[in-house]
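To start, the structure itself, in structure tokens.
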Amino acid sequence: MAENKDFEMQQARNRLKGSAPKIGIRPTIDGRLGGVRESLEAVTMGMAKAAAKLISENLRHPTGEKVECVIADTTIGGVAEAAACAEKFAREGVAVTLTVTPCWCYGSETMDTDPLTIKAVWGFNGTDRPGAVNLAAVLAAHSQMGLPAFGIYGHDVQDLTDTDKIPADVAEKILRFAKAGLAAAWMRGKSYLSVGSVSMGIAGSIVNPDFFREYLGMRNEYVDMSEITRRIEEKIYSEAEFRRAMEWVKTYCKEGPDNNPPEKQHSRARKDRVWEMSVKMAMIVRDLMVGNPDLRRKGLGEEALGHNAILAGFQGQRQWTDHFPNGDFLETILNSSFDWNGIRQPYLVATENDSLNGVSMLFGHLLTGSAQIFSDVRTYWSPEAVQRVTGWKPTGLAEHGFIHLINSGATCLDGTGCQRLDGKPAIKPWWQVEANEAKACLDATQWRYANLGYFRGGGYSSDFLTEGGMPVTMTRINLVKGLGPMIQIAEGYTATLPQEVHDTLDLRTDPTWPTTWFVPRLTGTGPFKDVYSVMASWGANHGAISFGHIGADLISLAAALRIPVAMHNIPQEKIFRPSYWNAFGMDPEGADYRACAALGPLYR
């Protein structure tokens, strides 16, 4: 009973300033009164209601709240009704629009012309009325005006009496579009909080405000790491929460062996102080991100506000970690879906202030609602190298080799794989995590004292081994001179190695850090010809790993944001981009680059 109380489910809520984005459903119709329009009113509005029902019943915001759909007050037969709909949507906070129609409409008069909304059009596949003709016409209008829209058209002809029945292929596209559109909308108006500056020359921690502003609609906030020191020394945190947090840490966070030479090990008293400071650091970085009303009760109104940060990064190395405890605990616990306050939405924090990997984590979280793994893409192990070092020849999932994902910092505790979906290892949306699963993640983790050669100020890193067999997607955004941002996507699986093999390989790097053995799904061509090629083609030292094969959703999100995809292993039939892309040639990857370049950033 006490354990369940320590892992109570928090209520779903939006902790950021700005309301949750809504999806607007626009039922467009043939405006000719005198028999035509009247005959189509019910079926057109039926499509809108069916689409709204599909979305609201199947999607949640990353906050855990249900997605709200707003339907236009009337069907839209011309520009006056389109304007009335736009006014309602602006008032309601609609950021994503789905236009639905079973018939011919006056496309340029009825279409959504707001340049900032993410758009799709579902044209009903029926022979009674020319829904497909209208879909082609209005998509052409969208492309001609530079307002790209996702086109949705069912594979099979339906009867006009069945407009409220959504075929599986149409439903898949509507939901994929909705997830991508909402993810894009969630970032707009929020902040990236840089705690510190550039970490050890890592380019991703050279935070680029133009990228955040023009492509994501976000602003950048900056806080020197000395603000953490100030808040600790002046007790600018909830002291009651700190006491509760320390009790929770003592109960559930098990210390592992200290690998430092005995003569260099810190005293027990110093290690206890490091624990206390690590917990305070986690609380303070969270307060910096989203604020804390408890500080207002202490008369600290400015500090209570926070920076409205949907994402943050902590520099740490080296100016901080040469003297103070590292940020490993703060990053791990904030990125997890639970702490001493119960089960709750993760707070996304990038280790080493790698803002680009942080954005990759953010994409995954916004699409899934789950915690994200942040890792170094550390080592490719060929089958020959594994056999030479361990005597074991890889078999099964690992037979072609694997990539060692390992990092001291921001790997969420959910990354243990101790949660379950259909009895299999998983990282679940945070609102589905059960108390026993959160406890199991902690039971599978040891907290190892920092390697003092790396981190002179000490600190505690999580040490666990990710369970094998999980479908996962690794993602990375990079900025390239002359190109701008691009994204890389690799779907694959976590692998299980024999324990003695894991121990041998893990000891060659740092056994105090969490390990994930990753096997990308191979296609036999290009960067996915073999596992080595994936490693060799990866664009940076970090990757963000999300549970599930979400590559198709990421491609749709990237298209909505006008970010081209540099490499992926997603089946062609799953790729869904706006129809605008079709005008840029028959090579899908080349067309993607050309379309993104022609459109430019969404918020330019």
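All values reported here derive from a predicted model rather than from experimental measurement.
- Side-chain contact between Tyr215 and Tyr603 is absent, with no heavy-atom pair separated by less than 4.5 Å.
- Evaluation of the side-chain hydrogen bond (donor to acceptor under 3.5 Å, both in side chains) test over residues 10-24, restricted to residues two or more places apart or in two chains, returns Lys22-Glu92.
- Looking only at distances, a side-chain donor or acceptor of Arg562 sits under 3.5 Å from a matching main-chain atom of Gly600.
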Fill in: Residues Trp581, Leu599; criterion side-chain contact (heavy atoms from CB on, under 4.5 Å); working and verdict
CA-CA 10 Å; Trp581 270 241; Leu599 287 168; 3.7 Å; yes
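- For the pair Lys88 and Asp73, the salt-bridge criterion is met [side-chain N within less than 4.0 Å of a carboxylate O].
- Heavy atoms from other residues, nucleotides or ligands lying under 6.0 Å from CD of Gln144 number 12 at most.
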Worksheet entry | Residue pair Glu214, Arg604: steps toward the salt bridge (Lys or Arg N to Asp or Glu O under 4.0 Å) verdict | CA-CA 5 Å; Glu214 295 180 0; Arg604 181 173 53 185; over 6 Å; no
Discussion item. Test ring pair (Phe, Tyr, Trp, His ring centres under 6.0 Å) on His549 and Tyr493; report intermediate values, then the result.
Written reply: CA-CA 9 Å; His549 287 159; Tyr493 295 87; 4.9 Å; yes
Practice prompt. Could you give me the CA-CA distance, side-chain angles and deciding distance for Asp592 and Arg577, then say whether salt bridge (Lys or Arg N to Asp or Glu O under 4.0 Å) is met?
Written response: CA-CA 9 Å; Asp592 182 29; Arg577 293 184 171 113; 3.2 Å; yes
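- A side chain to side chain contact (heavy atoms under 4.5 Å, CB included) with Gln419 is found for exactly one of Gln432, Glu437, Glu434, namely Glu437.
- Salt-bridge formation is not detected for the pair Asp30/Arg37: no Lys NZ or Arg NE/NH1/NH2 atom is positioned less than 4.0 Å from an Asp or Glu carboxylate oxygen.
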Worksheet item: Under the side-chain contact (heavy atoms from CB on, under 4.5 Å) criterion, do Asn478 and Gln488 qualify, and how do the steps go?
Response: CA-CA 8 Å; Asn478 289 302; Gln488 298 175 295; 3.4 Å; yes
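- Salt bridge status for Arg420 with Glu467: present, with a side-chain N to carboxylate O gap under 4.0 Å.
- Here the closest non-hydrogen pair linking Ile489 and Ile555 is CD1-CG1, 3.8 Å.
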Worksheet item: Going through the distances and angles, do Thr101 and Ile29 end up as a side-chain contact (heavy atoms from CB on, under 4.5 Å)?
Response: CA-CA 6 Å; Thr101 184; Ile29 198 167; 5.9 Å; no
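- Listed for the Asn125 side chain is a donor-acceptor partner under 3.5 Å among the backbone atoms of Gly154.
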